[in-house]
Amino acid sequence: MPHHPYFLLRIICGADRFYIDSTLIFLEHQLQARDKYTEIQVIKEYSQLPLVECYPAQLNQVFMNMLVNAIDALQDSNKTRFIGNSQIEKSNYLLPTIRIRTEVIDRKWVAISIADNASGMNEKVRARLFDPFFTTKPVGKGTALGLSISYQIIVEKHGGQIGCISALGQGTEFVIKIPVKAKNG
C-alpha cells in the first residue's frame with residue numbers, strides 16, 4: 001500500500017459505483033413506499049470514469065448526505081400529494097425521483113450529480129446551504145452539518161467543487177466536480 005494519503009479507486013465505475021450503490025442499499029428502506037410516502041425511484045446514469053485519487057470513505061459520506069437530503073425533500077414534497085388519508089391520483093404528479101449521473105468533464109476532472117424532483121428551494125435558502133448549522137428541516141431532524149461537511153470534503157480535502165442548482169417547483173441538483181489527480185500539499 002502506498003504511503004500517499006490518497007487511495008486510488010475507480011469513482012462511480014468499478015469500486016466507486018460500489019460506494020454509491022452501497023449507500024443506496026443502506027437507504028433502501030427510505031426509498032420504499034411506506035405510510036403516506038410513495039416509492040422513490042432512482043435513475044442511475046453511470047459513465048465509465050477513470051481512476052481518481054480520493055478519500056473513498058469521505059466521498060461515501062458526501063453521497064450519503066446528498067441522498068438523505070434528496071429523500072427528505074421528496075418526502076416533504078410528498079406530503080402535499082395526500083388529502084387527508086387519500087392519495088392523489090398518480091397521474092396528477094411526477095413520481096418522486098432521484099437521478100444520479102456521473103461523467104468525465106475532461107482528462108483532469110470528473111463530475112457526479114445527484115438531482116431530485118422535489119419542490120426545490122428559493123435563492124435565499126440556496127445561498128446558505130453550505131453554512132454550518134443552517135437547516136430547513138424541523139428541530140430534531142438531522143444535524144444541520146451534512147452539507148457543510150460535504151463542502152469541506154469536496155473543496156478542502158479533494159480540491160474539488162460543489163454547487164447547487166435549484167428553483168422553487170423545479171427540484172434540486174447538486175453537482176460535485178473532483179480532480180482526477182490529487183493536488184499536492
Side-chain angles (χ1 to χ4, degrees), residues 4-27 30-31 40-74 94 96-123 125-132 134 145-185:
H4 197 277
Y6 285 85
F7 178 74
L8 279 176
L9 86 147
R10 189 174 296 273
I11 290 279
I12 306 309
C13 216
D16 195 57
R17 176 175 280 174
F18 167 79
Y19 282 100
I20 289 182
D21 287 346
S22 66
T23 301
L24 288 169
I25 290 169
F26 183 77
L27 297 171
Q30 292 184 42
L31 297 169
I40 297 171
Q41 79 174 344
V42 177
I43 299 170
K44 302 174 195 175
E45 299 172 355
Y46 296 152
S47 296
Q48 183 73 28
L49 298 181
L51 290 176
V52 174
E53 293 183 52
C54 67
Y55 294 105
Q58 290 183 356
L59 285 183
N60 195 42
Q61 181 65 51
V62 171
F63 301 148
M64 177 73 76
N65 291 342
M66 297 292 164
L67 290 166
V68 165
N69 283 345
I71 291 167
D72 288 347
L74 287 164
L94 295 173
T97 303
I98 295 172
R99 189 190 73 242
I100 305 166
R101 183 176 49 216
T102 65
E103 64 181 315
V104 175
I105 299 171
D106 58 33
R107 289 184 22 227
K108 296 182 179 185
W109 291 88
V110 297
I112 301 107
S113 71
I114 299 175
D116 65 60
N117 65 346
S119 58
M121 63 187 91
N122 63 39
E123 180 58 33
V125 169
R126 196 182 69 72
R128 296 201 53 213
L129 278 180
F130 301 110
D131 293 352
F134 176 76
L145 290 172
L147 291 177
S148 174
I149 290 169
S150 294
Y151 182 89
Q152 289 176 344
I153 290 170
I154 297 301
V155 175
E156 295 172 18
K157 298 286 187 187
H158 289 86
Q161 303 168 10
I162 186 170
C164 176
I165 303 162
S166 187
L168 283 175
Q170 301 297 313
T172 300
E173 179 177 17
F174 285 93
V175 179
I176 301 163
K177 297 178 182 176
I178 302 172
V180 171
K181 195 92 170 123
K183 296 191 177 18
N184 294 330

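- A 4.5 Å side-chain heavy-atom check between V52 and V110 finds at least one atom pair inside the cut-off.
- For the residue pair Y151 / N65, no side-chain donor-acceptor distance below 3.5 Å is found, with atom types taken as modelled.
- Minimum interatomic distance between M64 and F26 (heavy atoms only, all atoms of both residues): CE-CD2, 3.3 Å.
- Using a 4.5 Å heavy-atom threshold, the side chains of S47 and V104 count as separate.
- With hydrogens and angles left out, the side-chain atoms of N60 and T23 include a donor and acceptor closer than 3.5 Å.
- Considering CD1 of I178 and CD1 of I154, their distance stands at 4.5 Å, rounded to 0.5 Å.
- Partners of Q170 under the side-chain contact (heavy atoms from CB on, under 4.5 Å) rule, at least two apart in sequence or in another chain, are A167.
- Residues T172 and I165 fail the side-chain proximity criterion, which asks for heavy atoms closer than 4.5 Å.
- Interatomic distance, CD of Q61 versus CE of M66, reported as 10.5 Å (0.5 Å rounding).
- Counting heavy atoms from C-beta outward, I162 and L147 have side chains that stay 4.5 Å or more apart.
- Side-chain contact between T97 and D116: absent, with no pair of heavy atoms (C-beta onward) separated by less than 4.5 Å.
- Residue F174 holds its CZ atom at 7.5 Å from OG of S166, rounded to the nearest 0.5 Å.
- Contacts of S113 classified as side-chain contact (heavy atoms from CB on, under 4.5 Å), with partners at least two apart in sequence or in another chain: R99, R101, E173, V175.
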Handout entry: CA sep, side-chain torsions, deciding dist, call: I100, F63, side-chain contact (heavy atoms from CB on, under 4.5 Å)
Key = CA-CA 10 Å; I100 305 166; F63 301 148; over 6 Å; no
